[in-house]
Chemist: 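Dumping the structure here so I can ask a few things about it.
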Amino acid sequence: MSKKLLLVCVLLALTVSFSVTMAQDAVPRGGTIVVSEGQQAAHPNNFNPYAPDPTRWTRGTMYESLTLFNPVEGGKPTHWLATGYEYSDDLMSLTYTLREGVKWSDGEDFNADDVVFTFNMLKEFPAMDRGAIWQYIDNVEKVDDYTVTVHLNQVYTLLHELIGNPDNLTIVPEHVWSSVEDPVTFTNPEPVATGMLTEVVAVNEQVLELCKNPNYWQMGTDGKPLPYIDCMRMPVYPGNDPANFAAANGELDYIGNFIPDIEATFVAADPEHHFYYFWPGGAVVQLYVNTTKAPFNDVAFRRALSMAIDYDSVANIGMYGYTTPANSTGLGPRNESWYNQAALDKAAEYGLSKYDAEAAKAALDAAGYVDADGDNWRDNPDGSPINFKVQVVNGWTDWVTSVQIMSQNFQDIGLNNTIDVLDFGVWFANLQNGSFDTSIGWSTAGNTPYDFYRAVLYSPLIGTDGLANGQLRGRWTSEEVDTLLESFVQTADEAEQRNISDQLQMIYVENVPAIPLFPGPTWYEYTTHRFVGWPTVEDYYVQGSPWCAACRPIVLTRIHPIEDMTGQ
Amino acid sequence: MAQNKPTTLVPAVGRAVPLRPAVRIPLPGWLRTILSNRKAAVGMAILTFFVLVAVFAPVIAPGQPNKMVGRPHEAPSAAHPFGTSRQGQDIFTQVVHGSRSSLVVGFGTGTFIIMLCILIGVTAGYVGGLVDEILSLFMNVFLILPGLPLIIVVAGWVQQPGPLTVMLVLGFTSWAYGARVLRSQTLILRNSDFVAAARISGEPWWRIILFEILPNMTSLVASSWIGAVIFVILTEATLSFVGLGNPNAVSWGVTLFWAQNNQALLTGAWWTFVPPGLCIALVGFSLTLINYGIDEITNPRLQGDK
Amino acid sequence: MRFLTRRFLFYLVAAFVAITLNFFIPRLMAGDPVQVMFAQFQGRLDSRAMESLKETFGFVQGPILEQYATYLGNLARGNLGLSISNYPTPVADLIFPSLLWTLRLIGVATITAFLIGIILGIYAAWRRGGGIDSFLLPITSIVGAFPFFWTAMFIVFIFGLQLKWFPTSHAWDIKLTPNPDWSNPEFVNSVLRHGLLPMLTIVFTSLGGWLLGMRNNMIGVLSQDYVTMAQAKGLSDRRVMFTYAARNAILPSLTAFSMSLGFVVGGALVVELVFAYPGMGYLLLKAVGGRDYPLMQAVFLLITIAVLIANFMADVLYVVLDPRAR
Amino acid sequence: MLSVMPKPEVKRAVNPDEPLLSVQDLEVEYHTRRGKVRAVDHVSFDIYPNEVFGLAGESGCGKSTIAHAVTRILHPPAYIVGGKIMMQGIDILQMNDDNLRGFRWEHMSIVFQSAMNALNPVITVGAQIMDAIQAHTDMSKKDARARAKELLNTVGIDPERVDSYPHQLSGGMRQRAVIAIALALNPELIIMDEPTTALDVVVQKQIMKEIRQLKDQFGFSILFITHDLSLLVEFSDRIGIMYAGELVEVAPSRQIFTNPQHPYTYKLMNSFPTVSGPRQKLVGIPGSPPDLITPPTGCRFHPRCDVAIAGRCQEVMPRLAKVGDRHYAACHLVDEKVIHG
Amino acid sequence: MVSNLRPKQEPILEAQNLTMHFHTGGAFSRKTVKAVQGANVRLYPGRVTALVGESGSGKSTIIRMLARLYSPTGGKVLFKGKDVLEDKSRGAMLNYRSKVQMIFQDPFSSLNPVHKVRYHLERPLRIHGKARNRAALNDQIDVLLRRVSLTPTDEFANKYPHQLSGGQRQRVAIARALAVQPEVILADEPVSMLDVSIRMGVLNLMAVLRDEQNIAFLYVTHDIASARYFADDTLVMYAGYIVEGASSEELIQDPKHPYTQLLLSAVPDPARGLKTAEMEVVGEIPSLTSLGAGCPFANRCPKVMERCKQVMPAVTELSPTRWVRCYLYE
């Protein structure tokens with residue numbers, strides 16, 4: 001019996017007691033919240049949750065997943081279509097107990113057949129299996145109408161997280177989808193779903209408007225079906241400018257925009273009602289260095305680079321002060337509970353991740369990187385000149401600015417470098433095939449450090465074609481790391497996982513395979529002109545950003561109008 | 001009421017003095033000719049100003065234009081006459097240095113385009129026949145195709161922002177108008193008696209093109225060239241603005257791109273987009289004036305009464 | 001009618017060239033466009049889906065002519081392909097509503113600009129040295145020297161953000177009705193309000209060209225004997241100005257109009273972008289930004305075809321105005 | 001304030017000895033960038049009813065400028081700076097625009113040099129005739145159309161061509177159409193500025209013959225301008241010879257041809273070959289006409305004149321003086337009767 | 001007077017059955033303008049042959065074919081008995097042009113406005129190797145300008161065309177033609193654009209060249225009176241056909257072809273007065289695109305016969321010195 005089950009029980013109890021205590025409170029209902037995620041393409045008339053990008057909004061809100069994991073609380077589960085899950089003792093199977101009484105929006109009952117159908121559909125159409133969950137699954141078995149067992153083909157103790165992510169798996173109705181010939185290109189114009197927003201009122205070049213599912217299974221604290229709001233409206237803004245004008249004008253309620261100078265533009269427009277919180281829980285952005293090339297193959301050189309960067313400027317100017325410098329382990333605030341203090345101390349000892357140009361110069365001098373030919377630029381110890389490029393994607397202006405700062409920092413310590421602004425396709429291909437010197441780039445963030453270190457260091461990610469997948473950009477690998485990563489997912493014991501994590505962090509600090517710059521901020525603004533109940537800085541009950549598929553359903557079940565707007 | 005002075009009918013309507021065919025004064029005098037026209041003279045003055053700014057940019061505004069020298073979005077002050085960008089760069093320095101790339105790209109690409117125009121237009125006009133039919137068809141087709149979308153599509157594929165790309169893309173997509181104009185002029189000149197006379201004198205074809213036809217098209221070539229330069233400067237700014245330029249470069253278009261990117265409108269940082277926009281417009285306007293001047297010089301009818 | 005037939009054939013050729021360019025531009029570029037095109041499907045599509053996608057876009061294995069045939073075949077069936085950024089939505093579905101907005105906005109704006117420019121040009125030439133000639137003409141040429149997008153930004157800044165007279169985004173107020181409803185007068189009113197600023201921007205920036213062109217043509221025509229003779233015949237100024245002078249002077253302007261239509265449309269697309277107007281301009285930029293090549297190509301094709309149709313309409317008008325072209 | 005000249009009921013009832021048109025001391029200048037050009041300098045002549053008065057001279061001598069000045073269709077940069085143009089006793093130059101509009105075409109019309117340019121290419125010839133009629137009368141559209149057809153018939157065009165556009169007509173027909181427009185209101189005077197220059201001789205012959213017939217039929221006068229001396233002499237009743245903006249000789253055409261008094265006229269008459277008569281050596285006139293921005297002092301012809309009187313012709317400008325019956329010449333030699341025996 | 005048409009000497013330049021059909025209306029059009037049909041022209045040293053016709057009759061096309069500016073659709077051009085059209089090489093062309101030169105109608109357009117007079121004269125001298133060095137060049141230019149009475153020569157050599165009057169320009173054009181020391185000069189309406197007072201000067205200059213340098217002239221004009229004045233022989237052209245040829249005086253005194261008669265009766269001539277019997281003529285010159293096989297003058301001819309409309313008559317020789325293409329004289 002694992003601690004997971006225990007957790008489930010506790011949570012169930014919590015939920016129940018919560019509902020009970022609040023049951024008598026009347027909550028204002030109605031209204032249409034206006035949502036923007038910034039610049040947005042026209043909404044296609046497509047409600048297939050497995051279509052790549054534009055149907056993001058169907059995931060979680062229209063089509064639901066089994067269990068949601070809250071990134072803010074280190075992956076605390078909120079059960080949704082499932083009421084619980086449990087790994088077998090040999091960790092080779094994962095059994096879900098499904099919620100009873102859930103109905104599809106057309107009135108049909110939701111049951112295990114739908115879940116099994118959805119899993120198998122992903123198997124049959126790998127194009128839809130975007131989370132690649134079937135790489136760990138052998139088969140999915142219906143135990144009874146409300147129990148489903150997933151049989152694994154190898155031990156992988158993070159499978160529940162993969163399955164829980166609405167971007168990877170949301171359950172579709174078998175009675176509708178079984179007759180769909182090619183679900184990959186199916187546009188699902190008349191969606192039948194279990195989610196809270198299933199009624200399509202408008203979908204056109206300017207707006208997407210969804211209204212609530214009359215049969216929704218979740219109950220509010222007032223004992224009536226959720227959500228409290230009637231509808232959700234997503235206007236299309238063909239640029240950040242108009243979206244931000246609208247935000248500043250108070251036309252929007254729930255916002256995931258990047259807004260420059262947000263205090264001056266958005267908050268100052270109405271400090272009473274305009275709020276934001278850019279929780280730095282996103283993936284850490286790093287400066288990748290190509291460790292297959294000189295001088296980047298020299299750890300001393302990489303350490304010097306780590307000292308040379310003005311992290312504060314990068315965070316404040318490049319990133320508008322919306323994030324803070326990262327630490328040398330590469331882990332961000334989302335994994336704060338996993339931080340290895342020993343590794344951080346080690347980093348401090350080396351002087352890593354701290355802007356000190358003099359120290360960087362000294363480090364370079366010590367390692368033999370001095371100006372040999374008198375051109376005022378440092379050269380390699382063998383006398384060959386150093387001249388490298390810093391790659392960045394065209395149009396990603398926060399990164400371009402950050403790179404401009406770093407390029408200047410490197411020049412200041414005598415390193416000759418230029419900026420190479422590339423089209424996304426070229427940039428991406430260069431990172432994949434290793435034809436770059438240094439480049440800014442994203443990493444991966446998960447509920448445990450595993451996701452980050454696997455993406456950045458796990459050598460099998462270099463495919464047989466020589467292309468690096470994940471974010472294995474710098475190509476620094478070691479067998480030790482590979483073994484550590486493999487053992488992490490073969491145990492469900494958190495203590496052992498922590499031990500592995502500590503070792504990985506120490507290795508990262510010692511070897512500097514890449515230079516962590518800052519954790520990615522998550523864009524989230526909200527206004528309280530019309531609606532309340534938002535995650536606030538004080539009560540950040542879930543990640544606020546509407547971009548988070550696992551979070552927005554939770555937000556939508558909490559918010560309600562200030563005063564009753566039903567019938568308006 | 002008797003009038004002392006005889007009136008003339010509708011004095012507003014111009015009737016040309018029966019002038020001889022337009023007088024073309026060879027190079028030493030071309031500047032004098034242009035300056036004799038008031039519009040062109042004003043245009044030349046503005047353009048000269050910007051050329052001087054470009055040449056003496058390091059003197060006028062010393063320092064790296066992309067260097068972060070101040071706080072973000074400082075309003076204009078003595079230290080930063082045009083304020084600073086969101087990145088704390090000095091807009092004045094950027095605008096001064098931007099004149100270099102804007103003018104170089106403008107004139108460089110404009111020259112490249114006009115070369116293409118001459119090559120294609122004169123070939124079509126001079127060779128005639130099937131070659132002309134085919135080239136003319138292409139000219140007309142390219143003329144009618146919506147230029148900017150085509151440029152954006154091509155630039156979208158090219159994926160290598162930079163002056164060379166701009167030059168090639170604009171050259172590839174924008175040669176048609178000038179080529180067409182030069183072709184029809186070549187056709188006229190090719191059928192003129194003096195070309196026939198040159199052939200009868202035994203002049204070889206290349207000398208006829210270079211020494212008989214081209215010198216008679218100088219004003220046309222000049223105005224097409226200037227037109228191309230205006231087009232390039234505006235289009236380059238537009239391309240940069242929509243994010244198809246190199247955001248690390250220093251040009252007016254790029255400064256505007258960053259202004260837009262940092263939501264200058266929203267933050268009220270007008271100083272980040274007004275100066276570069278004005279500069280583009282002023283250079284464009286000065287060139288337009290020069291073109292009007294050339295038009296008026298070659299087509300006396302368009303001149304004012306005095 | 002021979003003239004129109006010839007023009008029609010020419011437009012067919014032009015359309016064909018545009019289609020062909022669309023096919024060859026990506027194939028002439030350095031690097032492997034297919035790889036770039038599908039880079040963003042990284043890990044999201046399996047190989048079978050990729051293959052079928054490639055086939056849809058004509059990026060099939062085999063000789064280039066075969067690819068070309070596939071591409072033409074798809075087009076002939078009206079298959080513009082599937083959008084990459086909005087996969088698997090057909091490109092046509094994305095474009096159609098935007099196309100209508102663009103046609104409405106740019107159509108009305110260019111025709112308005114042309115008509116105003118023509119009329120002002122007529123008067124500028126008729127009263128040489130008068131108000132229009134010495135005052136309005138230089139102003140419009142200065143305005144015309146600004147990049148379209150800059151003027152648009154400026155107008156948004158002043159009238160939209162500072163004075164708040166007009167909305168700065170969208171083609172209609174979505175709070176009024178989420179779906180377009182042309183039977184609703186409030187909706188129509190909203191469309192007009194939203195369209196006014198972008199339209200004025202396009203009108204202001206393109207007016208100068210028409211004005212100057214018409215003025216110069218008009219000056220040329222005014223010195224023609226038939227105008228002098230019409231005056232001598234004792235005709236009213238109105239009749240001389242419009243039936244004798246303007247009717248002839250407008251012909252070259254009309255030709256210039258059709259030739260620069262493509263240019264104006266290009267500039268107008270950028271104006272749409274600044275005004276967050278849900279038209280093709282924004283779609284094109286979106287497609288370029290998102291490397292949605294099928295969408296990009298389709299936008300270009302449709303804009304081109306719209307321009308060609310507009311040109312043909314200008315030709316028809318030309319034939320109506322000039323008996324010599326009949 | 002002048003009123004519109006009343007139209008006589010029977011126009012031809014005017015005194016044949018009274019000049020119909022009297023041009024007195026007419027001065028026209030072109031204001032160019034290089035300076036003022038005196039294109040017409042103190043020119044005076046009369047035209048009598050039913051007379052063809054020809055003006056001859058080389059290109060740029062001012063003959064077309066006079067034609068345009070008389071009809072007041074000179075445009076800037078040309079300005080009438082002095083003189084009078086009296087039409088039946090009223091000075092055309094004093095008319096305001098409204099008066100002029102009513103006067104012109106009703107009393108005086110003009111036929112331009114090139115019919116191709118004189119006809120509006122985008123409207124039918126019928127409409128262009130009707131325009132003229134309807135601008136001056138309150139004739140209905142239908143009547144005006146009938147009149148247009150009649151006029152076309154008069155000038156020898158099939159009346160059914162009334163709906164033809166200019167480009168659908170041949171060169172000769174176009175010129176006839178222009179003449180029809182000029183005849184539309186039956187004016188007393190028609191000014192013809194090189195009406196047949198663009199046509200070949202056979203068609204020219206036909207048209208000139210028709211003009212003559214029309215003149216005899218309707219009794220109008222013609223101010224006829226051409227550079228073709230043969231045609232001028234053959235067609236005109238009287239001829240004025242112009243040189244460099246000045247009228248140097250006026251005489252009946254026979255007399256001009258057979259007994260020219262001014263050296264320029266004399267040389268001019270000996271400059272063109274003929275198809276009849278003896279084949280003789282012709283010499284032309286050496287030199288070229290002067291640049292009018294800096295015209296020669298004195299007699300403008302003196303630099304090309306081989307009989308110029310030293311010291312006099314260079315300094316004193318000769319005035320037009322009577323040398324015979326209706327024969328005037330502006331030459332210092334005229335008084336002294338030294339020329340041509 | 002020695003007959004031109006059956007001369008004792010050989011023609012220096014001869015056009016045999018020269019034909020020119022132009023295609024118009026673009027690549028897809030089948031429209032053909034039959035500009036010249038079966039023209040025969042002979043030029044003799046020291047003689048002027050005039051080619052008279054209305055504008056559009058094809059006379060300029062003939063002269064341009066002889067100048068080898070156009071390639072004829074059919075027929076031959078013989079120079080001193082040798083067919084020259086065969087050899088299109090640059091050498092052969094240069095050789096031909098050193099013997100056959102041309103003067104254009106419009107002196108305002110036949111001189112390139114960007115070049116000085118000196119350049120216009122220098123180029124043929126250089127191309128044809130008439131002057132080896134700068135000094136020789138200057139001498140030659142001096143001689144040429146003197147020949148056409150443009151003195152002081154230094155002054156004229158340094159002028160641009162726009163600084164010259166029409167007559168002076170035409171003299172420059174003549175000087176340019178003379179530069180290569182040609183044996184034939186083709187003059188395309190050389191005086192029609194000039195003022196009456198200076199025409200004679202130019203014609204007389206050419207007459208002097210004919211006499212002194214024994215040059216053969218082809219004089220194209222629409223003015224039959226000047227043909228009579230200047231030319232020894234005259235050919236009359238109508239709608240692409242040469243319809244009559246005779247010595248000039250004979251032609252004027254006794255025109256045979258109805259068109260020639262019409263033309264002469266139409267020419268205004270004050271010396272003749274208005275007494276001539278006028279021919280009643282209708283219609284205008286036919287369109288060259290729609291010419292049938294018949295005589296093109298048939299539709300206007302007062303003496304037209306049925307067969308005139310079927311087939312163009314062949315040449316009828318009336319005397320050793322004249323011929324006509326008309327059924328009236330068969």
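By convention in this document, chain letters (A, B, ...) are assigned in the order of the sequence lines, proteins followed by strands, and residues within each chain are numbered from 1. Not measured: the values here are computed from a predicted model.
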Chemist: How about Phe53(D) and Phe224(D): are their ring centres within less than 6.0 Å of each other?
Modeler: no

Chemist: Go through the steps for Asp163(D) and Lys149(D) under the test salt bridge (charged side-chain N to carboxylate O under 4.0 Å, His left out), then give the verdict.
Modeler: CA-CA 10 Å; Asp163(D) 292 323; Lys149(D) 283 184 161 184; over 6 Å; no

Chemist: Let me know if Ile133(D) has heavy atoms under 4.5 Å from chain C in its side chain, its backbone, both or neither.
Modeler: neither

Chemist: Side chain, backbone, both or neither: which part of Leu251(C) has a heavy atom under 4.5 Å from chain D?
Modeler: side chain

Chemist: Heavy atoms only, distances under 4.5 angstrom: which of Ala182(D), Ala184(D), Ala118(D), Ala132(D) has the most pairs with chain C? Name it, please.
Modeler: Ala118(D)

Chemist: Quick check for you: among Pro166(D), Ala135(D), Pro121(D), which has the greatest number of heavy-atom pairs under 4.5 Å with chain C?
Modeler: Pro121(D)

Chemist: For the side chain of Arg215(C) and the backbone of Ala125(C), is there at least one donor-acceptor N/O pair under 3.5 Å apart?
Modeler: no

Chemist: In terms of heavy-atom pairs under 4.5 Å, which option from Ala230(C), Pro323(C), Ser236(C) contacts chain D the most?
Modeler: Pro323(C)

Chemist: Who among Leu119(D), Asn117(D), Ile123(D) has the most heavy-atom pairs with chain C under 4.5 Å?
Modeler: Asn117(D)

Chemist: Does any donor atom in the side chain of Tyr123(C) or Arg127(C) lie under 3.5 Å from an acceptor atom in the other side chain?
Modeler: no

Chemist: Evaluate the salt bridge (charged side-chain N to carboxylate O under 4.0 Å, His left out) criterion for residues Asp91(D) and Lys84(D): first the C-alpha distance (whole Å), next the side-chain angles of each, then the deciding distance (0.1 Å), finally the verdict.
Modeler: CA-CA 6 Å; Asp91(D) 190 349; Lys84(D) 285 179 178 173; 5.8 Å; no

Chemist: May I ask you to decide whether Asp97(D) forms a salt bridge with Arg104(D), counting only side-chain N to carboxylate O separations under 4.0 Å?
Modeler: no

Chemist: Looking only at heavy atoms and a cut-off of under 4.5 Å, which of His136(D), His167(D), Gln128(D) has the most pairs with chain C?
Modeler: His167(D)

